[in-house]
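Excluded from the calculations below are hydrogen atoms, water molecules and symmetry mates; all remaining heavy atoms, backbone and side chain alike, are included. No experiment lies behind these values; they were computed from the predicted model shown. The chains referred to below are lettered A, B, ... by the order of the sequence lines, with proteins before strands, and numbering in each begins at 1.
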There are 2 protein chains.
Amino acid sequence: MNSTKHFSELSPAAERIVDVAQGLIQRAGYNGFSYEDIAREVGIKKPSIHHHFPTKAELVAVVTQRYMHRFREALLRLEGRHARAPERLLAYADLFEQTYGAQRQLCLCGMLGAEADAIPAEVAHEVQQFFKANMTWLTDVIAQGQQQGSLRAGVDPAAQAQLLLCALEGAMVVGRAAGRVAHQGPAALGAALVLSLRA
Amino acid sequence: MNSTKHFSELSPAAERIVDVAQGLIQRAGYNGFSYEDIAREVGIKKPSIHHHFPTKAELVAVVTQRYMHRFREALLRLEGRHARAPERLLAYADLFEQTYGAQRQLCLCGMLGAEADAIPAEVAHEVQQFFKANMTWLTDVIAQGQQQGSLRAGVDPAAQAQLLLCALEGAMVVGRAAGRVAHQGPAALGAALVLSLRA
DNA sequence: ATGATCGAACCTACTAGTTGGTAGGTATTC
DNA sequence: GAATACCTACCAACTAGTAGGTTCGATCAT
(Lines give C-alpha, C1' and ligand atoms only; values in the text may rest on other atoms or scores of the structure.)
Protein backbone atom coordinates (compact mmCIF):
# COMPACT_ATOMS: atom_id res chain seq x y z
CA MET A 1 0.00 0.00 0.00
CA ASN A 2 2.66 2.46 1.04
CA SER A 3 4.41 3.23 -2.25
CA THR A 4 6.32 6.10 -0.71
CA LYS A 5 10.10 5.94 -0.88
CA HIS A 6 11.84 5.08 2.37
CA PHE A 7 14.50 7.39 3.79
CA SER A 8 16.91 4.50 4.34
CA GLU A 9 17.31 3.81 0.63
CA LEU A 10 18.03 7.23 -0.79
CA SER A 11 20.58 7.96 -3.49
CA PRO A 12 23.19 10.61 -2.65
CA ALA A 13 21.32 13.17 -4.75
CA ALA A 14 18.01 12.34 -3.09
CA GLU A 15 19.66 12.65 0.29
CA ARG A 16 20.91 16.11 -0.57
CA ILE A 17 17.42 17.13 -1.62
CA VAL A 18 16.03 15.88 1.68
CA ASP A 19 18.76 17.74 3.57
CA VAL A 20 17.98 21.02 1.85
CA ALA A 21 14.23 20.54 2.14
CA GLN A 22 14.52 19.93 5.87
CA GLY A 23 16.47 23.12 6.38
CA LEU A 24 14.00 25.12 4.31
CA ILE A 25 11.03 23.80 6.29
CA GLN A 26 12.73 24.57 9.58
CA ARG A 27 13.36 28.10 8.39
CA ALA A 28 10.18 28.93 6.48
CA GLY A 29 7.62 26.17 6.95
CA TYR A 30 5.81 23.91 4.50
CA ASN A 31 4.17 26.78 2.63
CA GLY A 32 7.25 28.95 2.81
CA PHE A 33 9.45 27.14 0.30
CA SER A 34 9.16 25.79 -3.24
CA TYR A 35 10.78 23.14 -5.39
CA GLU A 36 12.59 26.01 -7.09
CA ASP A 37 14.19 26.95 -3.76
CA ILE A 38 15.45 23.41 -3.33
CA ALA A 39 16.72 23.31 -6.92
CA ARG A 40 18.69 26.51 -6.45
CA GLU A 41 20.34 25.34 -3.23
CA VAL A 42 21.12 21.81 -4.46
CA GLY A 43 22.38 23.03 -7.82
CA ILE A 44 19.98 21.02 -9.92
CA LYS A 45 16.94 21.87 -12.09
CA LYS A 46 13.45 21.83 -10.63
CA PRO A 47 12.01 18.89 -12.63
CA SER A 48 14.90 16.72 -11.49
CA ILE A 49 13.53 16.97 -7.99
CA HIS A 50 10.20 15.63 -9.18
CA HIS A 51 12.17 12.70 -10.58
CA HIS A 52 13.26 11.83 -7.03
CA PHE A 53 10.11 12.91 -5.20
CA PRO A 54 7.01 13.09 -7.42
CA THR A 55 5.04 15.33 -5.07
CA LYS A 56 5.84 17.86 -2.37
CA ALA A 57 3.75 15.95 0.16
CA GLU A 58 5.80 12.82 -0.48
CA LEU A 59 9.09 14.66 -0.11
CA VAL A 60 8.08 16.30 3.15
CA ALA A 61 6.79 12.98 4.47
CA VAL A 62 10.22 11.44 3.85
CA VAL A 63 11.90 14.43 5.48
CA THR A 64 9.70 14.01 8.55
CA GLN A 65 10.23 10.24 8.75
CA ARG A 66 13.99 10.65 8.60
CA TYR A 67 13.86 13.41 11.20
CA MET A 68 11.90 11.24 13.60
CA HIS A 69 14.18 8.28 13.00
CA ARG A 70 17.29 10.32 13.73
CA PHE A 71 15.63 11.70 16.83
CA ARG A 72 14.91 8.20 18.10
CA GLU A 73 18.52 7.22 17.46
CA ALA A 74 19.69 10.26 19.41
CA LEU A 75 17.50 9.18 22.31
CA LEU A 76 19.07 5.70 22.27
CA ARG A 77 22.60 7.12 22.26
CA LEU A 78 21.58 9.46 25.07
CA GLU A 79 20.30 6.55 27.16
CA GLY A 80 23.66 4.86 26.71
CA ARG A 81 25.53 7.87 27.98
CA HIS A 82 23.29 8.76 30.92
CA ALA A 83 21.68 6.30 33.32
CA ARG A 84 19.89 8.61 35.74
CA ALA A 85 16.68 10.46 34.88
CA PRO A 86 17.84 14.04 35.64
CA GLU A 87 20.87 13.68 33.35
CA ARG A 88 18.74 12.10 30.66
CA LEU A 89 16.30 14.99 30.75
CA LEU A 90 19.11 17.52 30.57
CA ALA A 91 20.61 15.72 27.59
CA TYR A 92 17.14 15.65 26.03
CA ALA A 93 16.85 19.42 26.38
CA ASP A 94 20.27 19.71 24.81
CA LEU A 95 18.99 18.03 21.65
CA PHE A 96 16.65 20.97 21.20
CA GLU A 97 19.46 23.35 21.96
CA GLN A 98 21.56 21.83 19.20
CA THR A 99 18.79 22.38 16.66
CA TYR A 100 18.05 25.89 17.83
CA GLY A 101 21.71 26.77 18.13
CA ALA A 102 22.16 26.12 14.41
CA GLN A 103 20.96 29.45 13.02
CA ARG A 104 17.90 29.56 15.31
CA GLN A 105 16.31 26.69 13.44
CA LEU A 106 12.97 25.46 14.69
CA CYS A 107 12.20 21.85 15.46
CA LEU A 108 10.94 20.47 12.15
CA CYS A 109 7.87 18.99 13.78
CA GLY A 110 7.23 22.10 15.83
CA MET A 111 7.06 24.10 12.63
CA LEU A 112 4.89 21.56 10.82
CA GLY A 113 2.72 21.20 13.92
CA ALA A 114 1.96 24.91 13.92
CA GLU A 115 0.94 24.60 10.27
CA ALA A 116 -1.00 21.40 10.92
CA ASP A 117 -4.18 22.74 9.30
CA ALA A 118 -2.39 23.77 6.13
CA ILE A 119 -0.33 20.69 5.26
CA PRO A 120 -1.15 17.33 3.62
CA ALA A 121 -2.80 14.84 5.97
CA GLU A 122 -0.04 12.27 5.50
CA VAL A 123 2.55 14.76 6.74
CA ALA A 124 0.39 15.82 9.68
CA HIS A 125 0.14 12.18 10.67
CA GLU A 126 3.92 11.76 10.75
CA VAL A 127 4.21 14.87 12.90
CA GLN A 128 1.65 13.43 15.30
CA GLN A 129 3.77 10.30 15.65
CA PHE A 130 6.78 12.43 16.55
CA PHE A 131 5.04 14.07 19.46
CA LYS A 132 3.49 10.83 20.61
CA ALA A 133 6.93 9.21 20.70
CA ASN A 134 8.38 12.15 22.61
CA MET A 135 5.61 12.08 25.19
CA THR A 136 6.03 8.35 25.71
CA TRP A 137 9.79 8.57 26.14
CA LEU A 138 9.65 11.54 28.51
CA THR A 139 6.86 10.05 30.62
CA ASP A 140 8.80 6.80 31.00
CA VAL A 141 12.02 8.56 31.96
CA ILE A 142 10.26 10.70 34.56
CA ALA A 143 8.33 7.75 36.01
CA GLN A 144 11.54 5.73 36.31
CA GLY A 145 13.31 8.67 37.92
CA GLN A 146 10.57 8.86 40.52
CA GLN A 147 10.79 5.14 41.25
CA GLN A 148 14.57 5.30 41.56
CA GLY A 149 14.37 8.32 43.82
CA SER A 150 16.31 10.71 41.59
CA LEU A 151 13.17 12.74 40.85
CA ARG A 152 10.65 14.09 43.31
CA ALA A 153 7.60 11.81 43.57
CA GLY A 154 3.99 12.94 43.78
CA VAL A 155 3.80 14.77 40.45
CA ASP A 156 2.12 13.21 37.45
CA PRO A 157 4.87 12.02 35.05
CA ALA A 158 2.73 12.58 31.96
CA ALA A 159 1.89 16.14 33.00
CA GLN A 160 5.54 16.92 33.69
CA ALA A 161 6.57 15.36 30.40
CA GLN A 162 4.13 17.57 28.56
CA LEU A 163 5.32 20.65 30.42
CA LEU A 164 8.92 19.99 29.46
CA LEU A 165 8.09 19.21 25.84
CA CYS A 166 5.91 22.29 25.44
CA ALA A 167 8.45 24.54 27.13
CA LEU A 168 11.22 23.36 24.80
CA GLU A 169 9.14 23.69 21.64
CA GLY A 170 7.86 27.05 22.82
CA ALA A 171 11.35 28.28 23.64
CA MET A 172 12.35 27.87 20.01
CA VAL A 173 9.29 29.67 18.66
CA VAL A 174 9.49 32.51 21.16
CA GLY A 175 13.24 32.75 20.89
CA ARG A 176 13.10 33.18 17.15
CA ALA A 177 10.19 35.60 17.36
CA ALA A 178 11.81 37.73 20.06
CA GLY A 179 14.73 38.34 17.75
CA ARG A 180 17.72 40.11 19.21
CA VAL A 181 16.15 40.42 22.67
CA ALA A 182 18.08 38.54 25.34
CA HIS A 183 16.51 35.14 25.62
CA GLN A 184 17.64 31.89 27.19
CA GLY A 185 17.88 28.97 24.80
CA PRO A 186 15.99 25.68 25.21
CA ALA A 187 18.84 24.14 27.21
CA ALA A 188 18.80 26.78 29.96
CA LEU A 189 15.02 26.67 30.13
CA GLY A 190 15.00 22.89 30.30
CA ALA A 191 17.68 22.91 32.98
CA ALA A 192 15.56 25.17 35.17
CA LEU A 193 12.61 22.83 34.81
CA VAL A 194 14.61 19.71 35.52
CA LEU A 195 16.05 21.38 38.60
CA SER A 196 12.55 21.88 39.97
CA LEU A 197 11.83 18.20 39.40
CA ARG A 198 14.83 16.94 41.34
CA ALA A 199 14.34 14.96 44.53
CA MET B 1 6.46 58.39 8.05
CA ASN B 2 4.16 55.55 8.99
CA SER B 3 1.53 55.72 6.27
CA THR B 4 0.00 52.41 7.37
CA LYS B 5 -3.64 52.46 8.34
CA HIS B 6 -4.34 52.24 12.06
CA PHE B 7 -6.59 49.52 13.45
CA SER B 8 -8.60 52.01 15.49
CA GLU B 9 -10.03 53.74 12.43
CA LEU B 10 -11.29 50.85 10.35
CA SER B 11 -14.55 50.83 8.42
CA PRO B 12 -16.92 47.93 9.17
CA ALA B 13 -15.86 46.18 5.98
CA ALA B 14 -12.17 46.62 6.75
CA GLU B 15 -12.77 45.27 10.24
CA ARG B 16 -14.39 42.14 8.80
CA ILE B 17 -11.38 41.65 6.54
CA VAL B 18 -9.04 41.95 9.50
CA ASP B 19 -11.18 39.49 11.47
CA VAL B 20 -11.08 36.91 8.72
CA ALA B 21 -7.38 37.45 8.04
CA GLN B 22 -6.55 36.94 11.71
CA GLY B 23 -8.40 33.64 11.81
CA LEU B 24 -6.73 32.45 8.63
CA ILE B 25 -3.27 33.28 9.94
CA GLN B 26 -3.96 31.51 13.22
CA ARG B 27 -5.06 28.45 11.29
CA ALA B 28 -2.63 28.34 8.37
CA GLY B 29 0.07 30.97 8.87
CA TYR B 30 1.20 33.92 6.75
CA ASN B 31 2.09 31.79 3.75
CA GLY B 32 -0.91 29.52 4.18
CA PHE B 33 -3.65 31.89 3.08
CA SER B 34 -4.32 34.24 0.16
CA TYR B 35 -6.39 37.32 -0.59
CA GLU B 36 -8.72 34.97 -2.44
CA ASP B 37 -9.33 33.04 0.79
CA ILE B 38 -10.27 36.24 2.58
CA ALA B 39 -12.52 37.32 -0.30
CA ARG B 40 -14.41 34.02 -0.22
CA GLU B 41 -14.99 34.15 3.51
CA VAL B 42 -15.93 37.83 3.66
CA GLY B 43 -18.18 37.60 0.60
CA ILE B 44 -16.41 40.23 -1.43
CA LYS B 45 -14.18 40.19 -4.52
CA LYS B 46 -10.42 39.96 -4.20
CA PRO B 47 -9.48 43.41 -5.58
CA SER B 48 -11.83 45.03 -3.09
CA ILE B 49 -9.53 43.86 -0.34
CA HIS B 50 -6.64 45.63 -2.02
CA HIS B 51 -8.80 48.75 -1.85
CA HIS B 52 -8.76 48.50 1.95
CA PHE B 53 -5.27 47.06 2.38
CA PRO B 54 -2.96 47.66 -0.61
CA THR B 55 -0.49 44.93 0.32
CA LYS B 56 -0.58 41.71 2.27
CA ALA B 57 2.24 42.88 4.52
CA GLU B 58 0.23 45.97 5.43
CA LEU B 59 -2.88 43.95 6.20
CA VAL B 60 -1.04 41.49 8.40
CA ALA B 61 0.74 44.32 10.19
CA VAL B 62 -2.65 45.84 11.07
CA VAL B 63 -3.93 42.42 12.18
CA THR B 64 -0.92 42.04 14.46
CA GLN B 65 -1.19 45.56 15.88
CA ARG B 66 -4.86 45.05 16.72
CA TYR B 67 -4.09 41.65 18.25
CA MET B 68 -1.41 43.12 20.49
CA HIS B 69 -3.64 46.04 21.46
CA ARG B 70 -6.49 43.73 22.45
CA PHE B 71 -4.06 41.58 24.38
CA ARG B 72 -2.86 44.59 26.34
CA GLU B 73 -6.48 45.54 27.08
CA ALA B 74 -7.15 42.03 28.31
CA LEU B 75 -4.17 42.31 30.64
CA LEU B 76 -5.53 45.57 32.06
CA ARG B 77 -8.98 44.06 32.68
CA LEU B 78 -7.30 41.07 34.26
CA GLU B 79 -5.33 43.29 36.64
CA GLY B 80 -8.61 44.89 37.68
CA ARG B 81 -10.15 41.55 38.53
CA HIS B 82 -7.18 39.95 40.30
CA ALA B 83 -4.86 41.69 42.73
CA ARG B 84 -2.54 38.86 43.76
CA ALA B 85 0.20 37.49 41.50
CA PRO B 86 -0.85 33.80 41.47
CA GLU B 87 -4.37 34.66 40.36
CA ARG B 88 -3.07 37.05 37.76
CA LEU B 89 -0.84 34.37 36.30
CA LEU B 90 -3.69 31.87 36.21
CA ALA B 91 -5.90 34.40 34.45
CA TYR B 92 -3.04 35.07 32.04
CA ALA B 93 -2.82 31.39 31.19
CA ASP B 94 -6.56 31.40 30.66
CA LEU B 95 -6.17 33.99 27.90
CA PHE B 96 -4.18 31.42 25.93
CA GLU B 97 -6.76 28.78 26.76
CA GLN B 98 -9.50 30.94 25.30
CA THR B 99 -7.61 31.28 22.02
CA TYR B 100 -6.72 27.61 21.86
CA GLY B 101 -10.18 26.53 22.94
CA ALA B 102 -11.65 28.20 19.87
CA GLN B 103 -11.03 25.47 17.29
CA ARG B 104 -7.47 24.86 18.46
CA GLN B 105 -6.36 28.20 17.13
CA LEU B 106 -2.75 29.16 17.66
CA CYS B 107 -1.64 32.42 19.18
CA LEU B 108 -1.34 34.77 16.21
CA CYS B 109 2.15 35.86 17.22
CA GLY B 110 3.21 32.32 18.01
CA MET B 111 2.36 31.34 14.46
CA LEU B 112 4.02 34.38 12.92
CA GLY B 113 7.00 33.91 15.23
CA ALA B 114 7.56 30.41 13.91
CA GLU B 115 7.49 31.83 10.37
CA ALA B 116 9.69 34.76 11.34
CA ASP B 117 12.20 34.11 8.55
CA ALA B 118 9.51 33.97 5.88
CA ILE B 119 7.43 37.07 6.59
CA PRO B 120 7.89 40.79 5.83
CA ALA B 121 10.24 42.55 8.21
CA GLU B 122 7.58 45.02 9.33
CA VAL B 123 5.36 42.17 10.50
CA ALA B 124 8.23 40.39 12.24
CA HIS B 125 8.93 43.60 14.12
CA GLU B 126 5.36 43.80 15.41
CA VAL B 127 5.57 40.20 16.57
CA GLN B 128 8.76 40.99 18.41
CA GLN B 129 6.97 43.79 20.26
CA PHE B 130 4.26 41.37 21.33
CA PHE B 131 6.70 39.02 23.02
CA LYS B 132 8.67 41.85 24.55
CA ALA B 133 5.46 43.22 26.10
CA ASN B 134 4.51 39.79 27.42
CA MET B 135 7.90 39.24 28.99
CA THR B 136 7.82 42.65 30.66
CA TRP B 137 4.34 42.14 32.07
CA LEU B 138 5.04 38.62 33.35
CA THR B 139 8.37 39.55 34.87
CA ASP B 140 6.78 42.47 36.73
CA VAL B 141 3.90 40.35 38.03
CA ILE B 142 6.24 37.63 39.28
CA ALA B 143 8.63 40.11 40.89
CA GLN B 144 5.74 41.81 42.67
CA GLY B 145 4.38 38.46 43.81
CA GLN B 146 7.73 37.64 45.33
CA GLN B 147 7.89 40.98 47.13
CA GLN B 148 4.36 40.56 48.48
CA GLY B 149 5.08 37.01 49.60
CA SER B 150 2.48 35.30 47.43
CA LEU B 151 5.18 33.72 45.25
CA ARG B 152 8.25 31.83 46.36
CA ALA B 153 11.32 34.04 46.39
CA GLY B 154 14.78 33.08 45.20
CA VAL B 155 13.94 32.32 41.58
CA ASP B 156 14.74 34.74 38.81
CA PRO B 157 11.48 36.47 37.79
CA ALA B 158 12.60 36.92 34.17
CA ALA B 159 13.55 33.26 33.83
CA GLN B 160 10.22 32.15 35.29
CA ALA B 161 8.35 34.56 33.05
CA GLN B 162 10.06 33.08 30.05
CA LEU B 163 9.32 29.56 31.15
CA LEU B 164 5.62 30.30 31.53
CA LEU B 165 5.41 32.14 28.22
CA CYS B 166 7.25 29.40 26.32
CA ALA B 167 5.20 26.65 27.94
CA LEU B 168 1.93 28.34 26.96
CA GLU B 169 3.00 29.02 23.39
CA GLY B 170 4.41 25.53 23.12
CA ALA B 171 1.26 23.95 24.52
CA MET B 172 -0.74 25.36 21.62
CA VAL B 173 1.71 24.16 18.97
CA VAL B 174 2.15 20.71 20.49
CA GLY B 175 -1.55 20.38 21.26
CA ARG B 176 -2.51 21.06 17.68
CA ALA B 177 0.21 18.83 16.32
CA ALA B 178 -0.64 15.94 18.64
CA GLY B 179 -4.13 15.89 17.21
CA ARG B 180 -6.63 13.67 18.92
CA VAL B 181 -4.14 12.42 21.49
CA ALA B 182 -5.12 13.33 25.04
CA HIS B 183 -3.39 16.58 25.83
CA GLN B 184 -3.90 19.19 28.52
CA GLY B 185 -4.69 22.67 27.27
CA PRO B 186 -2.59 25.77 28.04
CA ALA B 187 -4.69 26.54 31.15
CA ALA B 188 -3.95 23.22 32.86
CA LEU B 189 -0.31 23.46 31.96
CA GLY B 190 -0.07 27.02 33.21
CA ALA B 191 -1.85 26.09 36.43
CA ALA B 192 0.73 23.39 37.16
CA LEU B 193 3.53 25.86 36.64
CA VAL B 194 1.96 28.56 38.78
CA LEU B 195 1.40 26.01 41.53
CA SER B 196 5.12 25.26 41.62
CA LEU B 197 5.83 28.99 41.95
CA ARG B 198 3.55 29.49 44.97
CA ALA B 199 5.02 30.46 48.31
C1' DA C 1 36.32 -7.05 -26.15
C1' DT C 2 32.16 -5.16 -28.30
C1' DG C 3 28.21 -3.42 -28.94
C1' DA C 4 23.12 -3.49 -27.71
C1' DT C 5 20.17 -2.39 -24.05
C1' DC C 6 18.27 -0.73 -20.06
C1' DG C 7 17.44 2.40 -16.41
C1' DA C 8 18.77 6.14 -13.47
C1' DA C 9 19.59 10.97 -13.42
C1' DC C 10 19.17 14.89 -15.46
C1' DC C 11 17.76 18.29 -18.86
C1' DT C 12 14.61 21.83 -21.77
C1' DA C 13 10.14 23.15 -22.59
C1' DC C 14 5.73 23.26 -21.21
C1' DT C 15 0.97 23.35 -18.67
C1' DA C 16 -2.78 24.87 -15.79
C1' DG C 17 -3.75 27.07 -11.78
C1' DT C 18 -2.71 30.46 -8.12
C1' DT C 19 -0.34 34.34 -6.27
C1' DG C 20 -0.17 39.42 -4.98
C1' DG C 21 -1.27 43.39 -7.25
C1' DT C 22 -3.12 46.95 -10.98
C1' DA C 23 -6.26 49.59 -14.22
C1' DG C 24 -10.25 51.46 -14.89
C1' DG C 25 -15.11 51.65 -14.51
C1' DT C 26 -19.78 52.02 -11.78
C1' DA C 27 -22.83 52.64 -8.24
C1' DT C 28 -23.94 55.09 -3.76
C1' DT C 29 -23.59 58.56 -0.47
C1' DC C 30 -22.50 62.92 1.69
C1' DG D 1 -18.89 66.59 -7.31
C1' DA D 2 -16.02 64.05 -4.83
C1' DA D 3 -14.82 60.44 -1.96
C1' DT D 4 -15.88 55.56 -0.68
C1' DA D 5 -16.68 50.98 -1.71
C1' DC D 6 -17.12 47.88 -4.76
C1' DC D 7 -16.82 45.65 -9.37
C1' DT D 8 -14.84 43.27 -14.01
C1' DA D 9 -10.87 42.42 -16.41
C1' DC D 10 -6.38 42.03 -16.45
C1' DC D 11 -1.07 41.19 -15.50
C1' DA D 12 3.46 39.21 -14.49
C1' DA D 13 5.44 36.09 -11.53
C1' DC D 14 5.35 31.91 -9.35
C1' DT D 15 3.31 27.31 -8.03
C1' DA D 16 3.39 22.08 -8.34
C1' DG D 17 3.58 18.98 -11.73
C1' DT D 18 4.12 16.78 -16.78
C1' DA D 19 6.10 15.42 -21.43
C1' DG D 20 9.65 14.01 -23.75
C1' DG D 21 14.37 13.88 -24.89
C1' DT D 22 19.69 13.36 -23.69
C1' DT D 23 23.59 11.57 -21.23
C1' DC D 24 25.94 7.98 -19.09
C1' DG D 25 27.25 4.01 -16.63
C1' DA D 26 26.17 -0.77 -15.63
C1' DT D 27 24.78 -5.14 -17.46
C1' DC D 28 24.13 -8.12 -20.77
C1' DA D 29 24.56 -11.53 -25.04
C1' DT D 30 27.58 -12.26 -28.72
For [X] and [N], is the shortest distance between a side-chain N/O and OP1 or OP2 below 4.0 Å?
{"X": "S48(A)", "N": "dC11(C)", "value": "yes"}
{"X": "H51(B)", "N": "dC6(D)", "value": "no"}
{"X": "H50(B)", "N": "dA23(C)", "value": "no"}
{"X": "S34(B)", "N": "dT19(C)", "value": "yes"}
{"X": "K45(B)", "N": "dC7(D)", "value": "no"}
{"X": "S11(B)", "N": "dT4(D)", "value": "no"}
{"X": "H52(A)", "N": "dC10(C)", "value": "yes"}

Base, sugar-phosphate, or nothing for F33(B), non-hydrogen atoms under 4.0 angstrom?
-> sugar-phosphate
Which one of E126(B), E15(B), E9(B) satisfies the salt bridge (charged side-chain N to carboxylate O under 4.0 Å, His left out) criterion with R66(B)?
->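 Going through the options one by one, the only one that passes is E15(B).
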Whole Å only: how far is the [atom1] atom of [X] from the [atom2] atom of [N]?
{"X": "N31(B)", "N": "dC14(D)", "atom1": "CG", "atom2": "P", "result": "14 Å"}
{"X": "I49(B)", "N": "dT22(C)", "atom1": "CD1", "atom2": "C1'", "result": "15 Å"}
{"X": "Y30(A)", "N": "dT15(D)", "atom1": "OH", "atom2": "P", "result": "13 Å"}
{"X": "L59(A)", "N": "dG17(D)", "atom1": "CG", "atom2": "C1'", "result": "14 Å"}
{"X": "D37(B)", "N": "dT19(C)", "atom1": "CG", "atom2": "P", "result": "6 Å"}
{"X": "I38(B)", "N": "dG20(C)", "atom1": "CD1", "atom2": "P", "result": "8 Å"}
{"X": "E36(B)", "N": "dC14(D)", "atom1": "CD", "atom2": "P", "result": "20 Å"}
{"X": "F53(B)", "N": "dA5(D)", "atom1": "CZ", "atom2": "P", "result": "11 Å"}

Nearest to the side chain of I44(B) - dC7(D), dT12(C), dG17(D)?
-> dC7(D)
Closest of dG17(D), dG20(C), dC10(C) to the Y35(A) side chain is dG17(D)
Give a yes-or-no answer on whether the side chains of [X] and [Y] include a donor-acceptor pair shorter than 3.5 Å.
{"X": "N31(A)", "Y": "Y30(B)", "answer": "no"}
{"X": "D156(B)", "Y": "Q160(B)", "answer": "no"}
{"X": "Q144(A)", "Y": "D140(A)", "answer": "no"}

Relative to each other, are the rings of Y92(A) and F71(A) parallel, tilted or perpendicular (30° and 60° limits)?
->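 Answer is perpendicular, since the angle exceeds 60°.
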Donor-acceptor pair under 3.5 Å: do we get one between K56(A)'s side chain and the base of dG17(D)?
->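 Absent.
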